[in-house]
Each structure stands twice: as C-alpha cells, then as structure tokens.
Amino acid sequence: MRLLDFCFALRPLVLIPAWSFFVLGWRLYAPSEPFPAGRFAALSLVLAGAYLANQIVDRETDRLNGKGFFLQRGLFTPRTYTIAAAVLTVVGLGVAVWGDAAPRRILVAALLGFAYSVPPVRLAARAGLDLVANAAGYGVLALWIGAGDAKPTWAWLGTGLAVAAVFVHTTLLDLEGDAHTGKRTIGVALGPRLSRLLALALAAGAVGLVAPYRSMPLVTATGVVGALVAANACLPRRVSSQVVCVGGTAAYALAAAQVAPAYGLALGALVAATRIYYRRRFDLAYPALRSGASKPAPI
C-alpha cells in the first residue's frame, strides 16, 4: 500500500498538461519520429521531482485549500519527499544526458520547475511570474521537447497563452488559502474580476495566434479554452473556474488523444485508477468536475 500511496503522491494527474503538450508536439511537428520515450521519461521524472518539492513548500496552503492528502495526513514526511525529489530529478537529468534526449531543454524544465516552487525564487508566489512560468513550461517548453528538432512557431506562443488563461482560474480556485498564507499569485494580486478579464484577454490572444496555423487539434483545443474562459467572464455563476480548469486540461488531452489514440487509452486508464484509489483510500470523488467534489475538508 505504501508503494501505491507513493505512486499517487507523485500526483500523476498534474502531469497530464505536460504530457498532452509533449504528445501534441511529437505528433504534429515530428510525425515521422518513433515515440521519443527517452525525452518523455526524462521530462516526466524531473517534473515529478519538482511537484514533490512544490507539495513540501505549499503543504500549509494546500491544507487550507482543501487539497491535503499525503503530507497533511502523515502518510509521508517532508524528508521522504525531499529525498525522492532529488532522486527523481537526478535520474531524469541522467536519462536526458546519456540518452541524448534534449538534455538542455530537460534541464530548463527542471530548473523552471524548482524555481517555481522553492524559495527564495519561488515564482509561484510572485504575481505575474507565476503566470509566465506556467505558460512557458507547459504551453511552450513541453511542446518543444516533444517536437524534437522542430523549430518553434508562433502557434506555440498561442498555446502558452491558452495555458496562462487556464492558470489564472487555478489561482482563483485557491484564492482564500493563498491569501491567508501570504502567497501572492496573479489571482490574489488582481482579484476575481480583473483576473477573469485577464484570462479572457489571454484566451483571445491564444485563439488569434493558433488559428492561422490551421492545425485542427490545436485550433479546436484552444477554441474550447477560449469559449470556457469567455463563458466564465460573462456567466461566472454558471461556468465556474473549476469548469474552466478541468475543461481546458481535458481539451488539450483530447487533442493529444486524437493524434495519438494510445495516449488517450492510457490517460483514461490513469484517470479511472486515480478515481478508484482516492475513493477507497480517502473516500473522495477525485478527479471530479463538480465544484468542491474533490476537495476534502481542511485538516
């Protein structure tokens, strides 16, 4: 059970955006290349290490935001997480270097992941920089790592803006806990009304940059993000920030599944396994679309 707990403590569902953009980069920009398993493994390992570091630093904020599971319930200690984060990161960088799997870009992903979470840099608590880090890490860098030797295009900036638009809404979901612990995210800095308008502007920019490239998976997914963000801005009580976050993530996951059906099957199995695990381990419906359904009471 401890091994199973640790697998889910790595928060595999949080890796879905990076995986989806990686797969899209591979299938859309390097379609003749076999699946780049080395780059995929290296990226997954360094991001998993960074996510463990994030959980250590944000354990009190996560508790207040009703997201505490493993550290908060004493299943693992910060020391265990620290050792695991170091091992995962070193192994991931080793895979990148010795497997010639985009080592420079993997190193940037690792540095960005830890800079996002760990003081004194801690971009996650610096309004504006938190937004840029997420947009660059998921919408651009993960896509580029998947794309191999392909040159970046303006469409990648569009996917970055789409990620940023969704990220704004993730900060609105955690607004109360972040403000209470002094974590100054973009949502805390701007407040709900201005944050929604910013997300709308980012989504509009994303659609404008992606549409001319006529890559239907990217265009469709970005259009879904734009529609959700616009609906939230106009009908905030009917289309919640959680719907925007889940819907935006699902849009790009489905786009990746469209170009790589095996990825879609694997993702479906992972989501099902995660839901069964959280139901049996914590008696929680996670992941769930309905607001509050996946959040346990603060411990």
Side-chain angles (χ1 to χ4, degrees), residues 5 8-11 13-15 17 47-86 89 111-138 163-199 232 236 240-242 244-246 248-249 278 282 284 286-288 291-299:
D5 285 338
F8 285 99
L10 294 175
R11 298 174 69 184
L13 293 192
V14 181
L15 282 165
L47 288 184
Y51 291 157
L52 288 179
N54 178 270
Q55 291 182 67
I56 296 170
V57 177
D58 279 353
R59 59 188 181 275
E60 178 61 17
T61 303
D62 286 345
R63 184 186 70 82
L64 293 172
N65 286 327
K67 297 193 297 187
F69 296 110
F70 301 97
L71 289 176
Q72 293 79 356
R73 295 170 185 255
L75 295 178
F76 296 104
T77 65
R79 182 174 181 273
T80 301
Y81 268 29
T82 301
I83 295 171
T89 304
L111 292 174
L112 183 60
F114 280 94
Y116 183 77
S117 301
V118 179
V121 181
R122 206 185 178 203
L123 301 177
R126 299 177 184 271
L129 293 179
D130 59 344
L131 189 72
V132 173
N134 272 270
Y138 288 122
V163 169
V166 174
F167 173 74
V168 171
H169 282 278
T170 69
T171 66
L172 293 181
L173 289 175
D174 294 337
L175 201 60
E176 185 176 344
D178 290 345
H180 182 79
T181 57
K183 185 178 178 182
R184 189 172 173 77
T185 63
I186 192 69
V188 171
L190 296 182
R193 181 175 176 276
L194 289 179
S195 292
R196 290 190 179 99
L197 293 177
L198 173 61
N232 175 273
S240 68
S241 288
Q242 186 164 350
V244 174
C245 295
V246 175
T249 300
Y278 275 90
F282 302 113
L284 293 171
Y286 176 80
S291 180
S294 63
K295 291 188 175 183
I299 301 168

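The structure presented is a predicted model; accordingly, all values stated were derived computationally and were not measured. Residue numbers count from 1 along this sequence.
Qualifying side chain to side chain contact (heavy atoms under 4.5 Å, CB included) partners for Leu112, counting only residues two or more places apart in sequence or in other chains: Leu123, Ala133. Scanning for ring-ring contact (aromatic ring centres under 6.0 Å, His included) contacts around Phe114 gives an empty result, with sequence neighbours left out. In this view, Tyr51 satisfies the ring-ring contact (aromatic ring centres under 6.0 Å, His included) rule with no residue, not counting sequence neighbours. Taking the side chain to side chain contact (heavy atoms under 4.5 Å, CB included) definition, one finds that Arg122 meets it with Val57, Asp58, Pro119, Ala125, Lys183, sequence neighbours left out. Glu176 is linked by a salt bridge (charged side-chain N to carboxylate O under 4.0 Å, His left out) to nothing, counting only residues two or more places apart in sequence or in another chain.
Between Phe76 and Phe70, the two ring planes are tilted [angle within 30° to 60°].
The shortest heavy-atom contact between Ala85 and Gly49 is CB-O, 3.4 Å. Nearest heavy atom pair, residue Gln55 against residue Ala9, reads NE2-O, 2.8 Å. Residues Arg126 and Val121 share a closest heavy-atom pair of NE-O, 2.5 Å. Of all the heavy atoms in Leu173 and Cys245, the pair that sits closest is CD1-SG, 3.9 Å. Of all the heavy atoms in Leu75 and Phe282, the pair that sits closest is CD1-CZ, 3.9 Å. Across all their heavy atoms, Ala199 and Ala165 have their closest contact at O-CB, 3.5 Å.
Within the 4.5 Å cutoff, the side chain of Leu198 has heavy atoms near those of the Leu131 side chain. Side chains of Thr82 and Ile56 form a contact here, defined as non-hydrogen atoms less than 4.5 Å apart. The side-chain heavy atoms of Val188 and Thr171, taken from C-beta on, include no pair separated by under 4.5 Å. A heavy-atom distance below 4.5 Å is not found between the side chains of Phe167 and Tyr138.
With values rounded to the nearest 0.5 angstrom, Asp5 atom CG is found 11.0 Å from Leu10 atom CG. Rounding to the nearest 0.5 Å places CD1 of Ile186 at 12.5 Å from CG of Asp178. The distance from the CG atom of Leu13 to the OH atom of Tyr278 is 7.5 Å, given to the nearest 0.5 Å. Atoms CG and CG, on Leu71 and Leu52 in that order, are 8.5 Å from each other to the nearest 0.5 Å.
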Leu47 and Leu15: CA distance, side-chain angles, deciding distance, side-chain contact (heavy atoms from CB on, under 4.5 Å) verdict: CA-CA 8 Å; Leu47 288 184; Leu15 282 165; 3.6 Å; yes
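Within the structure, the side-chain hydrogen bond (donor to acceptor under 3.5 Å, both in side chains) test picks out the following pairs touching residues 188-198 (sequence neighbours left out): Arg196-Asn232.
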